[in-house]
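All remarks here apply to the structure that follows.
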Amino acid sequence: MLKRTLLASAAALALLAATAPAQAVSIMYAEWLASLVEPGIANYEAATGEKVEAIKLPGAAYDQRTSLDLAAGTAADVIQLDSFMVSEFASSGYLEPLTEPAKGWDQYKYYMPGLLDVASYDGAVYALPTDTDVRMLWYDKSNFEKAGITVPWEPKSWADVLDAAQKLKDAGVQYPFQLPAGIKQGEGATMQGFYMALLGADVPEGDRNRLLNRETGQWIGDSPAIRKTLELYRKVYHDIGQPADLNYAADPGAAVREALANDQLGILASGSWEDACLWDCNGVNLPSREERDAMVGWTPWPGSGDPGNKATTNISGGWTIAVNSKAADKAKAFQLLTTIFDVGNFKDWTIKNHRMGVRTDISESPEYMADAYLAKATSLAADTTGRDTIPGYQTVSALVQTMTTEILDGASVEDTVKNYHDALVDEFGAEKVITYE
């Protein structure tokens with residue numbers, strides 16, 4: 001009797017499992033990526049007949065939410081990630097390696113190997129990049145005319161940039177030089193501001209112009225380059241008097257773009273995405289090419305101008321989409337990922353949103369090459385570098401953001417560097433931190 005009852009129960013459970021609706025695959029993404037993700041979701045649902053649980057989040061503090069959800073085990077099956085986070089999350093076991101399943105996808109071969117490297121850890125690919133980028137200085141042409149600065153503007157040194165910022169300030173421009181700073185700006189403070197300046201603050205030899213000595217694997221706790229970069233921040237925010245409030249806005253990106261729309265902004269340190277994002281990151285209702293070119297211009301970030309330093313600097317990153325290692329159905333999660341990145345959807349998004357391509361089937365297409373902005377901005381990538389995307393970088397980046405916050409708050413360069421050095425030692429140990437004289 002007991003045996004028959006157990007067999008009947010097992011049969012009932014099997015029938016229940018067979019008839020229960022399959023758990024919907026879920027995806028988490030920032031709202032500004034909706035124009036790539038949401039058509040992919042629609043295509044997946046049409047092809048499979050299954051619904052996708054879409055979790056669209058504000059762009060502000062998106063990185064922090066991702067970190068919290070992955071650590072708590074509550075993240076979606078498919079997750080948008082900034083590329084600098086991939087190695088850290090992969091090393092912690094949060095992400096599913098994609099190298100093997102990707103081999104069976106016919107479009108994987110078009111990804112540029114160097115761009116897959118930034119989404120890799122320990123020899124395996126853990127995410128697929130949405131785009132890459134370069135960084136530059138954007139400027140408002142009407143305010144440059146108001147300040148008597150000739151356009152096209154081609155600064156050759158930090159002194160040239162500071163001179164232009166002072167002229168803009170004297171002409172009544174409220175925000176003469178928005179140099180991203182502070183914890184609220186997140187990785188933008190590190191990448192668009194601090195690291196771009198750092199790369200031009202000393203000679204490249206021995207990684208004297210970086211945060212990490214890549215040969216020894218030691219973090220640089222104090223150096224002439226770090227000090228010169230912090231001095232640049234002091235000159236911008238204290239000597240010239242750039243207001244700091246844009247860095248503390250609820251959504252710094254939206255606040256910057258509103259300032260530009262109101263003719264309150266002179267120079268903006270940002271990246272190639274601004275060709276769309278200054279108006280709409282999803283490429284909706286963009287002004288024409290001619291109208292945008294009449295309103296804003298851009299120029300490469302110059303080095304400091306000191307002998308031996310780089311004449312111009314660049315650092316590239318980009319966003320990725322990964323599969324959660326705890327996804328309930330990893331095959332479905334990977335199918336959603338590849339549907340989003342299917343060439344029809346991906347190519348349309350890349351070109352419409354003026355993003356720098358990461359696949360040769362897109363970047364070598366006639367439609368991509370016909371975009372004059374993309375062709376010119378992509379040329380900056382010939383002399384670019386990447387972040388120090390090893391485990392620990394996320395912590396170091398947060399400490400860099402804290403340094404810029406301290407400068408905004410009026411701290412001295414000496415005290416700020418000491419705090420940074422000591423925090424690195426506390427986090428990684430004295431043997432992992434070096435000082436350059």
Side-chain angles (χ1 to χ4, degrees), residues 16-83 85-86 89-90 94-108 111 119 125-131 280-284 318-350 352-353 355 358-359 362:
L16 181 62
T19 57
Q23 183 177 344
V25 65
S26 58
I27 181 169
M28 184 166 73
Y29 57 99
E31 58 188 353
W32 59 262
L33 199 65
S35 56
L36 172 64
V37 172
E38 291 173 3
I41 291 174
N43 292 340
Y44 175 89
E45 291 178 338
T48 64
E50 298 179 4
K51 296 296 290 182
V52 172
E53 181 186 351
I55 307 165
K56 180 164 62 175
L57 300 170
Y62 177 82
D63 284 349
Q64 292 91 320
R65 170 68 184 270
T66 304
S67 299
L68 289 171
D69 283 5
L70 281 167
T74 58
D77 300 320
V78 181
I79 321 148
Q80 175 194 345
L81 295 173
D82 200 335
S83 58
M85 306 172 84
V86 173
F89 289 152
Y94 295 150
L95 305 181
E96 183 70 11
L98 302 179
T99 307
E100 287 305 314
K103 289 178 180 177
W105 180 40
D106 63 351
Q107 296 176 38
Y108 183 64
Y111 280 92
V125 173
Y126 280 86
L128 295 180
T130 62
D131 60 331
D280 188 322
C281 282
N282 278 309
V284 178
W319 288 80
T320 69
I321 304 179
V323 172
N324 188 341
S325 63
K326 293 184 171 62
D329 191 322
K330 293 170 186 173
K332 287 183 179 179
F334 185 73
Q335 184 180 354
L336 174 58
L337 181 71
T338 54
T339 304
I340 291 169
F341 283 116
D342 181 73
V343 65
N345 184 51
F346 195 21
K347 181 178 180 181
D348 181 66
W349 176 83
T350 299
K352 185 180 295 183
N353 289 276
R355 301 284 178 162
V358 296
R359 281 173 28 178
I362 296 173

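The shown structure was predicted, so the numbers you read here are calculated from the model rather than taken from an experiment. We count residues from 1, following the sequence as given. In what follows, every heavy atom counts, from backbone to side chain, and hydrogens, waters and symmetry copies are set aside.
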- Task: State whether Glu38 and Lys56 are salt-bridged, where the test is any N-O pair (Lys NZ or Arg NE/NH1/NH2 against Asp/Glu carboxylate O) under 4.0 Å.
- Result: yes
Please find the pair of heavy atoms, one from [X] and one from [Y], that lie closest to each other, and give the distance.
X: Ala333; Y: Val323; value: CB-CG1, 3.9 Å
X: Leu95; Y: Ala322; value: CD2-CB, 4.1 Å
X: Ala119; Y: Val86; value: O-CG1, 3.5 Å
X: Pro129; Y: Ala127; value: CD-O, 4.0 Å
X: Asp77; Y: Val25; value: OD2-CA, 3.4 Å

- Message: Phe346 vs Gln107, test: side chain to side chain contact (heavy atoms under 4.5 Å, CB included). Steps then yes/no.
- Response: CA-CA 11 Å; Phe346 195 21; Gln107 296 176 38; over 6 Å; no
- Message: Please verify the inter-ring angle class for Tyr111 with Trp105; under 30° counts as parallel, over 60° as perpendicular, anything in between as tilted.
- Response: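 Answer is tilted, since the angle falls between 30° and 60°.
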So how far is it from [X] [atom1] to [Y] [atom2], rounded to the nearest 0.5 Å?
X: Ile340; Y: Tyr44; atom1: CD1; atom2: OH; result: 10.5 Å
X: Ile79; Y: Arg65; atom1: CD1; atom2: CZ; result: 11.5 Å
X: Leu128; Y: Thr320; atom1: CG; atom2: OG1; result: 8.0 Å
X: Gln80; Y: Ile55; atom1: CD; atom2: CD1; result: 12.5 Å
X: Met28; Y: Leu70; atom1: CE; atom2: CG; result: 6.0 Å
X: Leu81; Y: Thr130; atom1: CG; atom2: OG1; result: 10.5 Å

- Let me see the working for Lys332 and Glu50 under salt bridge (charged side-chain N to carboxylate O under 4.0 Å, His left out), right down to the final yes or no. CA-CA 10 Å; Lys332 287 183 179 179; Glu50 298 179 4; 3.2 Å; yes
- Run the side chain to side chain contact (heavy atoms under 4.5 Å, CB included) check on Asp280 and Trp32 step by step: do they pass? CA-CA 8 Å; Asp280 188 322; Trp32 59 262; over 6 Å; no
Main-chain N/O of [Y] paired to [X] side chain as donor or acceptor, under 3.5 Å:
X: Asn345; Y: Leu36; answer: yes
X: Asn353; Y: Arg355; answer: no
X: Glu45; Y: Val52; answer: yes
X: Lys330; Y: Ser325; answer: yes
X: Asn282; Y: Ser35; answer: yes

- Mind running side chain to side chain donor-acceptor pair (under 3.5 Å) on Glu31 and Tyr62 for me, showing each step along the way? CA-CA 10 Å; Glu31 58 188 353; Tyr62 177 82; over 6 Å; no
- Task: Please lay out, stage by stage, how Asn43 and Thr339 fare under the test side chain to side chain donor-acceptor pair (under 3.5 Å).
- Result: CA-CA 7 Å; Asn43 292 340; Thr339 304; over 6 Å; no
- Query: Counting heavy atoms not belonging to Lys347, are there more than 12 under 6.0 Å from its NZ?
  - Reply: yes
- Message: Between Val78 and Asn324, is there a side-chain heavy-atom distance shorter than 4.5 Å?
- Response: no
- Are side-chain heavy atoms of Phe89 and Ser67 found at a separation under 4.5 Å? yes
- Query: Only one of Val125, Thr338, Leu98 forms a side chain to side chain contact (heavy atoms under 4.5 Å, CB included) with Tyr108, so which one is it?
  - Reply: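 Among Val125, Thr338, Leu98, the one that satisfies the side chain to side chain contact (heavy atoms under 4.5 Å, CB included) with Tyr108 is Val125.
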